Amino acid sequence: QVCNSKNINIKKVPRLNENKLRTWANDNPADTLICLAATLPQKKDILDSDLFIKNIEVASQALSVAQASKVKRIVYISTFLYSDEQKGIADEDSPIDEKNAYKASKYISEKILIKGSNFLEIEFISLRPSNIYGSGQNKEMLLSVLISGARKGEIHLNDPNPIRDYLHVSDLCNAILGVSNLSMQESYLILNVASGETFSNLELAELIKDKIKPDSKIFVKNSQRENDTYDGRMNCTKLRNFINWEPKISMSEYITKHIL
């Protein structure tokens, strides 16, 4: 919808074997390749080793498609990579958490794409978004679970303490389009994308409860998830310095307009 509103022609890369994929890419030249594909840790029964390998394969395939379709730039959608060794709000130079298989896979993918893009003489931008939410939200994600619980009158929280920055998907799309048209001096850029709107898990549960069903009860288990991120706040000043971008949708507005 964001792309259509700006008259931008988008083609979805099909799922094909390597040879057929290169043939398709050769027949479909483009200016920019936007790489959103990933295997997520929320997927049931996925082993860390399989998740890691699948996400590395995505990076390799992105380079093949980029080369065959003769793109000038790759925009890669990474994730919040930072460890809790950071103190306060993370910027692009904060320590990376490589113990978490998903974060490690995205970080190594960035490295592969930086090096590969350099060899192919293609510009590369990696966007590291905070927690993305919006239409089509995975039912196993925390926000979906909290909304479902509020509707039933009982909200269950494993760990109330982790803090997350929440970014609406349309705001992420606008950031992607913004950097796709960015005039670059560097061969690659790493940029955080964050709304600046942060909630602890408990604060988010309370907001959802108040909006959807104020008499709902919140039950806290105080059970921590292994290798979870405690503080997910990010500084995206660098992005704002490059493009004219500001988030437009708040969590409260989203719940009011799209959930109630």
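Treat the numbers as computed from the prediction; the structure is a model and nothing was measured.
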Of all the heavy-atom pairs spanning [X] and [Y], show the shortest one and how long it is.
X    : Y    : result
S144 : N138 : OG-O, 2.8 Å
C35  : A62  : SG-CB, 4.2 Å
F242 : L182 : O-CD1, 3.5 Å
R240 : E246 : NE-OE2, 3.0 Å
S130 : M234 : N-CE, 3.3 Å
A66  : I74  : CB-CD1, 3.7 Å

Checking the side chain of [X] only, and the main-chain atoms of [Y] only, is there a donor and an acceptor separated by less than 3.5 Å?
X    : Y    : value
K106 : I77  : yes
S180 : I176 : yes
T23  : N19  : yes
D171 : N174 : no
D165 : G196 : yes
S109 : V58  : no
T79  : K103 : no
T39  : L51  : no
N235 : I89  : no
E197 : M251 : yes

Is the number of heavy atoms from other residues, nucleotides or ligands within 6.0 Å of [atom1] ([X]) greater than 12?
X    : atom1 : answer
Y188 : OH    : no
K152 : NZ    : no
E18  : CD    : no
N244 : CG    : no
Q224 : CD    : no
E186 : CD    : yes

Return the CD1 to CD distance between I112 and E57, rounded to the nearest 0.5 Å.
10.5 Å
Side chains of S69 and N28: do they bring a donor and an acceptor to under 3.5 Å?
no
Co-membership, hydrophobic cluster, residues [X] and [Y], 4.5 Å side-chain:
X    : Y    : result
Y102 : I190 : no
V13  : L127 : no
V220 : I208 : yes
F52  : Y76  : yes
V145 : I255 : no

Assign the ring pair F219 / H156 to parallel, tilted or perpendicular, where the plane angle (0 to 90°) is split at 30° and 60°.
parallel
One thing to verify: whether E123 and K72 come together as a salt bridge, which I'm taking to mean a side-chain N less than 4.0 angstrom from a carboxylate O.
no
Any residue meeting ring pair (Phe, Tyr, Trp, His ring centres under 6.0 Å) with F80, in chain and number order, not counting sequence neighbours:
Y82
